[in-house]
Amino acid sequence: MILMDVVGFLVTAAKVVQATGKSRLPTPVCTSDLCQQVERPFEDRTLARAVEDLLGGWSLLKDHSNVSAFRLEDAFVRLQQNNIRTFSDLTVSRNEFSSNENILFFTIPGRLWVRWGWDALTTAHLTPTVRDGTAQLMKKWAPIVLRLLKAANASVQWSEVEKRLEKALMFDVMLATGPATPVYFRRRLTFGDLSKPPFRSQFFARFLPLFNAMLKALSVKFRATTATQFAVPVQLEYLHNLDRKMAQLEFDGDAGLVTLADWLWWTAIYHYHTVYRGKGTCVGLVKAAMPLTVSGMYFKTYTASNAVQKAKVLTAEIENAVRDAVLLETPWMDIETKEAAMDKLNHTLLNICYPKVFLDNWTIIDDLYDKIHVEISFFDTLRSIDKSNSWINVQQLCRRNARNDPFFPVDLILRDAKMYSDRNYIVIPAPLLQPPLFYSSGLDILNYARLGATIGHEFTHVFDIEVEEFEKDGKRLKWWTETTQNNYNARNYTLVDFYNNISTKNNSVDGRHTLVENTADNGGYRAAYLAFHNFMRRTGYRIKLPGLEDLSEEQLFWLTGAQGWCASNPEFSDATHASFRIRVMGPYMNSADFAAAYNCRLGSPMNPRIKV
């Protein structure tokens with residue numbers, strides 16, 4: 001069955017499941033209340049048996065007297081093979097210190113971030129105590145486990161199950177204790193380091209063969225050695241804390257092994273209850289399973305035949321405008337930094353819509369998702385997707401990495417363009433090549449004012465303060481001179497103050513937190529206007545829009561650019577971006593070209609005397 005048929009089947013099957021409720025697993029559509037007391041005995045029995053099978057016969061719903069038969073190593077391998085994250089999220093990504101290779105990342109499990117949030121995990125102690133945190137989890141999960149117990153017709157008493165569940169959840173809460181550092185702080189360890197002090201648990205001492213056993217189970221040819229490095233984008237305290245907890249459980253003998261086995265059981269239940277329900281929609285489930293397939297289908301269905309070529313021409317013109325307007329006329333960059341900036345701009349890679357290599361040879365995508373099988377049981381189909389995701393993740397260890405790797409990023413149906421600083425790589429996804437941002441036939445003025453400003457925004461990110469330590473190939477290397485750095489620091493406060501002084505009735509701006517994005521907004525519009533001005537001069541382009549015949553092309557550029565930000569909530573903002581309204585007002589107030597187009601009096605609100 002080709003992948004297009006698989007996608008169609010999964011979408012149809014998921015919709016049938018949603019409509020009839022006759023699935024053989026908890027349906028992937030979120031029910032808004034995870035602890036909803038709805039009797040689903042068949043689904044619950046299916047789930048309980050599947051998790052028991054993953055753990056080699058172990059279940060929190062059964063008597064624990066057979067703990068001596070529990071094999072932690074086998075259970076760990078099977079859970080990781082099924083993409084169930086236990087002690088860490090073992091993900092593979094590009095090694096920014098050696099950019100042509102991939103590296104394993106050992107990170108805090110995502111469920112801990114989701115549950116406690118960044119602030120809690122970056123302090124010395126969690127805001128909730130271990131007791132309070134365990135109580136919160138018990139309140140949520142006890143009803144679910146009780147329902148599973150009833151469905152399983154188990155003979156064990158609920159009071160016993162409840163005690164064991166509480167110990168398992170307490171262990172999970174304790175894993176979240178300890179400080180963490182931001183994700184851009186990368187430490188390197190080797191697998192051999194885990195068997196040396198200060199690590200002392202048998203689990204870490206055996207982690208290398210465990211990891212290789214997982215790779216073998218997934219049919220991945222890569223094998224780690226004691227010298228193989230992995231990245232730890234969190235403070236080592238998390239690893240040390242995990243090591244201490246594991247050593248304590250090992251010291252407790254059979255009682256500790258029961259707690260650990262019960263915790264793994266709950267972790268698998270958490271995965272199937274939370275991960276699949278969290279997908280939200282049937283299409284979301286399929287998109288998560290085969291993102292490059294869905295992205296390709298979207299591109300082929302909705303992108304006009306001439307759109308990509310026209311977008312490439314627009315992008316080249318914006319790039320030239322960035323070179324002229326943002327770099328050559330930037331007074332705070334010294335000659336050495338400008339030369340490095342020009343070199344970086346010349347090496348910036350672009351992905352517009354969808355990688356051509358896949359369009360020319362679709363079997364590459366077929367092979368990538370070959371491990372996904374549509375089974376009679378929808379639950380088994382989802383487990384097939386899990387195994388596929390796990391294989392796709394770790395098999396990246398087998399191949400070299402290129403900045404223009406066509407498998408990155410896998411999700412090309414994004415709402416926004418994005419600049420990846422560690423690759424010096426700009427992605428312009430297919431949805432942006434649609435009205436009202438982009439028109440493949442006619443209305444060039446809108447293309448420059450809307451998509452052009454967006455592209456200019458991303459090109460400006462190539463040079464902003466957040467990426468000044470990433471050079472032309474995406475490697476970490478500080479390429480700004482000290483003089484340039486000092487000049488920038490002296491000027492960025494001016495832009496901070498400029499935005500702090502912009503206010504509307506319902507919105508105030510934090511100029512410091514939004515500095516990087518505000519800088520990119522200003523650079524984007526500046527480059528887009530220059531590119532449009534050059535386009536008019538080169539082609540003699542003129543346009544009059546119905547009802548707006550009195551407006552010049554320059555005036556229409558700024559008007560249509562502003563209309564691109566129209567929204568039902570123009571005051572919406574987030575931690576790093578100003579509101580939609582301010583993202584128009586700020587660059588326009590700071591633009592002499594806008595003031596000239598609309599004859600704004602110097603000193604008027606939209607033409608302040610002091611510009612940055």
Side-chain angles (χ1 to χ4, degrees), residues 302-330 345-346 348 350 352-353 416-417 426 428-460 462 520-566 583-600 606-607 611:
Y302 295 108
T303 305
S305 58
N306 66 329
V308 174
Q309 183 56 39
K310 190 167 184 177
K312 287 181 178 179
V313 172
L314 175 63
T315 301
E317 293 183 10
I318 298 296
E319 181 178 351
N320 289 331
V322 169
R323 183 178 288 106
D324 295 339
V326 180
L327 294 183
L328 293 181
E329 299 180 14
T330 301
L345 182 61
N346 293 335
T348 301
L350 289 164
I352 299 178
C353 283
D416 301 307
I426 294 175
I428 303 170
L432 297 192
L433 267 64
Q434 308 288 335
L437 280 179
F438 182 83
Y439 294 82
S440 58
S441 300
L443 292 176
D444 292 285
I445 190 170
L446 273 73
N447 294 344
Y448 282 93
R450 294 179 184 174
L451 182 60
T454 298
I455 296 171
H457 175 107
E458 299 307 326
F459 269 118
T460 306
V462 174
D521 283 343
N522 279 267
Y525 275 111
R526 188 177 181 186
Y529 181 78
L530 178 59
F532 176 65
H533 192 269
N534 292 339
F535 171 72
M536 287 198 301
R537 184 175 56 187
R538 184 177 68 253
T539 64
Y541 177 82
R542 293 293 182 268
I543 188 172
K544 295 296 180 183
L545 295 182
L548 300 173
E549 291 86 356
D550 293 338
L551 297 183
S552 68
E553 285 76 15
E554 289 81 0
Q555 290 173 321
L556 286 173
F557 173 89
W558 296 105
L559 175 63
T560 55
Q563 287 176 330
W565 288 102
C566 286
R583 295 189 71 177
V584 174
M585 289 179 60
Y588 283 28
M589 292 170 65
N590 202 30
S591 172
D593 294 320
F594 168 79
Y598 277 93
N599 297 314
C600 296
M606 292 303 293
N607 187 16
K611 294 183 174 61

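Of all heavy-atom pairs spanning Ile543 and Glu553, the tightest one is N-OE2, 2.9 Å. A pairwise comparison of heavy atoms in Ile318 and Ala531 identifies CD1-CB, 3.7 Å as the closest pair. When all heavy atoms of Ala321 and Leu530 are compared, the pair lying nearest together is O-CD2, 3.9 Å.
Around atom NZ of Lys544, more than 12 heavy atoms belonging to other residues, nucleotides or ligands sit under 6.0 Å away. Residue-environment remark: CG (Asp550) stays at or below the threshold of 12 foreign heavy atoms within 6.0 Å. By the neighbour-count criterion of 12 heavy atoms within 6.0 Å, atom OH of Tyr541 is densely surrounded, having more than that number from other residues, nucleotides or ligands.
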Inset, instruction - Go through the steps to decide whether Leu432 and Phe438 satisfy the test side chain to side chain contact (heavy atoms under 4.5 Å, CB included), and finish with yes or no. - result: CA-CA 7 Å; Leu432 297 192; Phe438 182 83; over 6 Å; no
Inset, instruction - In sequence, state the C-alpha distance, the side-chain angles, and the governing distance for Gln563 and Arg450, and then conclude on side chain to side chain contact (heavy atoms under 4.5 Å, CB included). - result: CA-CA 9 Å; Gln563 287 176 330; Arg450 294 179 184 174; 3.5 Å; yes
Inset, instruction - Determine, stepwise, if the pair Gln434 / Thr303 fulfils side chain to side chain contact (heavy atoms under 4.5 Å, CB included). - result: CA-CA 7 Å; Gln434 308 288 335; Thr303 305; 4.1 Å; yes
Inset, instruction - Dump the intermediate steps for side chain to side chain contact (heavy atoms under 4.5 Å, CB included) on Arg323 and Leu345, then the final yes or no. - result: CA-CA 8 Å; Arg323 183 178 288 106; Leu345 182 61; 3.8 Å; yes
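With hydrogens and angles ignored, the 3.5 Å screen pairs a side-chain donor or acceptor of Asn607 with a backbone N or O of Cys600. One N or O on the side chain of Thr460 and one on the backbone of Gly456 form a donor-acceptor pair closer than 3.5 Å. Side-chain atoms of Asn447 come within 3.5 Å of backbone atoms of Tyr439 as a donor-acceptor pair (strictly under, hydrogens ignored). Judged purely by atom type and a 3.5 angstrom limit, Asn306 uses its side chain to pair as donor or acceptor with the backbone of Ser440. Side chain of Asn599 to main chain of Ala595: no donor-acceptor pair is present (N/O by atom type, distance under 3.5 Å, no hydrogens or angles).
Residues meeting the side chain to side chain contact (heavy atoms under 4.5 Å, CB included) test with Ala453, sequence neighbours left out: Tyr525, Ala528.
Taking OG of Ser591 as the reference point, atom CE of Met606 lies at 9.5 Å (rounded to 0.5 Å). For the atom pair OG1 (Thr315) and CD (Glu458), the distance works out to 11.0 Å, reported to the nearest 0.5 Å. To the nearest 0.5 angstrom, Leu556 atom CG is 6.0 Å from Leu548 atom CG. Put simply, OG1 on Thr539 and CG on Asp444 are 8.0 Å apart, with the number rounded to the nearest 0.5 Å. From Ile426, atom CD1 reaches atom NE2 of His457 across 10.0 Å, with rounding to the nearest 0.5 Å.
Across Tyr588, Trp558, Phe535, a single residue satisfies ring-ring contact (aromatic ring centres under 6.0 Å, His included) together with Tyr529, and that is Trp558.
Between Tyr302 and Leu433 there is no side-chain heavy-atom pair separated by less than 4.5 Å. Here the side chains of Asp593 and Glu554 are not in contact, with every heavy-atom distance at 4.5 Å or above. Within the 4.5 Å cutoff, no side-chain heavy atoms of Leu545 are placed close to those of Leu551. Contact check for Thr454 versus Ile428: no side-chain heavy atoms found under the 4.5 Å cut-off. Between Trp565 and Arg583, some side-chain heavy-atom pair lies under the 4.5 Å cut-off.
Using a cutoff of 4.0 Å between basic side-chain nitrogens and carboxylate oxygens, Glu317 and Arg538 are scored as salt-bridged. Checked for salt-bridge contact, Asp324 and Arg526 miss the test: no charged N lies under 4.0 Å from a carboxylate O.
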